[in-house]
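Notes follow once the structure below has been shown.
Since this is a predicted model, take the numbers as computed values, not measurements. Note: hydrogens, waters and symmetry copies are ignored here, and every other heavy atom, side chains too, is used.
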Amino acid sequence: MTVAASSSDSSCHCVLVVQAAAVKEGTSLTDNPAFKDSVPGSDGKSLSLDSLIGKQALVAFFYPKAGTSGCTVEAAQFREHQNQFEEFGAQIVGISGDSPKDLDIFQKAQRLTYPLLADESGDLRKAFGIDPMTRVTFVLDKAGKVIMSYQGPKGSDPKEHIKKSLEALKSQSGSSSGGGMANDASKAGQNAPTAGSMESLKNLPDNANDSYTGAETLK
């Protein structure tokens, strides 16, 4: 939410801008209209975040610009660890303000196998209470409740978003009783990621799978 106010003093025109804070852990987004609205994807088809939950958890990572170095590293590393998210029964989705055409180029170049949404209107960012150019990751449970919100300090390693997301899913899985993501993974014949697989995140180079950094081709 942005609030603007001007002074009645003719010698000064002051504007106060207040940026809404990111949604807090424990917040449910299922009643937010933007959560239910369909957003164009990289494949040209529209998709709503609401349609991705219910049977699975959701990991939604917001990134500033497709094709830039940090965003490329982050997207590629989500891809490299996608099997671990699937073991927790979680769906990954990347969201930015890029056009569907630019996201299609980015997705194909990075061989990304999860959805990318084009939030050109910024409505999804507003729903999550974040600025346009920030890198923030949210983990939502099956009911659409935020169980993790992570925005690292400026210049932080993009790998931390993957690490924090997996830790949140692991914690949620461990706290579930008689069902939940842990049982869903078990029924699928899968095992939750081990400490060793979590540790492997630390060993990824900063340019892991960074095969596409040419933002200038996104025109």
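- Here Asp157 pairs with Lys159 in a salt bridge; the nearest charged N to carboxylate O distance falls below 4.0 Å.
- In this structure, a donor-acceptor pair under 3.5 Å is present between the side chains of Gln107 and Ser42.
- Residues Lys65 and Asp98 are paired through a salt bridge, judged by an N-O separation under 4.0 Å between the basic side chain and the carboxylate.
- Taking all atoms of both residues into account, the shortest heavy-atom contact from Ala76 to Gln110 is CB-OE1, 3.8 Å.
- Between Phe35 and Phe128, the two ring planes are tilted [angle within 30° to 60°].
- The aromatic rings of Tyr63 and Phe106 lie tilted to each other, with the angle between the two planes from 30° to 60°.
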- Go through the steps for Asp50 and Ser48 under the test side chain to side chain donor-acceptor pair (under 3.5 Å), then give the verdict. CA-CA 5 Å; Asp50 187 61; Ser48 70; 5.1 Å; no
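- Between Phe78 and Tyr114, the angle of the ring planes goes over 60°, which puts this pair in the perpendicular group of the 30/60° scheme.
- Contact detail for Ser28 and Ala143: the closest heavy-atom pair is OG-O, 4.3 Å.
- To the nearest 0.5 Å, the span separating CG on Asp43 from NZ on Lys108 amounts to 10.0 Å.
- In plain terms, the two heavy atoms of Phe138 and Ser149 that are nearest each other are CE2-OG, 3.3 Å.
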- Task: List the steps and the verdict of side chain to side chain contact (heavy atoms under 4.5 Å, CB included) for Val39 and Ser46.
- Result: CA-CA 5 Å; Val39 179; Ser46 294; over 6 Å; no
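- Here the side chains of Ile95 and Leu49 are in contact, with some heavy-atom distance below 4.5 Å.
- A donor-acceptor pair under 3.5 Å links the side-chain atoms of Lys36 to the main chain of Thr30, judged by distance alone.
- Rounding to the nearest 0.5 angstrom, the gap separating the CD atom in Gln91 from the OG atom in Ser51 is 9.0 Å.
- Between Leu116 and Val93, every side-chain heavy-atom pair lies at or beyond the 4.5 Å cut-off.
- Rounded to the nearest 0.5 angstrom, Thr113 OG1 and Gln82 CD are separated by 3.5 Å.
- Proximity of Phe62 to Thr134: side-chain heavy atoms (C-beta onward) are nowhere separated by under 4.5 Å.
- The backbone N or O of Leu124 sits less than 3.5 Å from a side-chain atom of Asp119, completing a donor-acceptor pair.
- Within the 4.5 Å cutoff, the side chain of Arg135 has heavy atoms near those of the Cys71 side chain.
- Distance alone, capped at 3.5 Å, is enough to place a donor-acceptor pair between the Thr72 side chain and the Thr68 backbone.
- Using a 4.5 Å cut-off on side-chain heavy atoms (C-beta onward), Ile162 and Gln77 make contact.
- The distance from the OH atom of Tyr150 to the NE2 atom of His161 is 5.5 Å, given to the nearest 0.5 Å.
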- Message: One pair to check against side chain to side chain contact (heavy atoms under 4.5 Å, CB included): Lys164 and Met148. What are the steps and the verdict?
- Response: CA-CA 8 Å; Lys164 297 291 186 182; Met148 187 214 76; 3.8 Å; yes
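- Annotation: side chain of Pro115 is in contact with side chain of Leu47 (closest heavy-atom distance under 4.5 Å).
- One finds the CG atom of Leu112 at 6.5 Å from the CZ atom of Arg79 (value rounded to the nearest 0.5 Å).
- For the pair Leu140 and Leu29, the minimum side-chain heavy-atom distance is below 4.5 Å.
- Side-chain atoms of Glu120 and Ser99 form no donor-acceptor pair, as typed in the model, at a separation below 3.5 Å.
- Residues Val59 and Thr137 are in side-chain contact: their nearest non-hydrogen atoms beyond the backbone lie under 4.5 Å apart.
- Smallest separation of non-hydrogen atoms from Leu169 and Ala57: CD2-CB, 4.1 Å.
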- Please step through side chain to side chain contact (heavy atoms under 4.5 Å, CB included) for the pair Arg125 and Asp131, ending with a clear verdict. CA-CA 7 Å; Arg125 282 188 175 272; Asp131 292 326; 5.9 Å; no
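- Separating the CG atom in Asp141 from the CG atom in Leu58 is a distance of 10.0 Å, to the nearest 0.5 Å.
- Heavy-atom minimum distance, Gly144 versus Ile53: CA-CD1, 3.5 Å.
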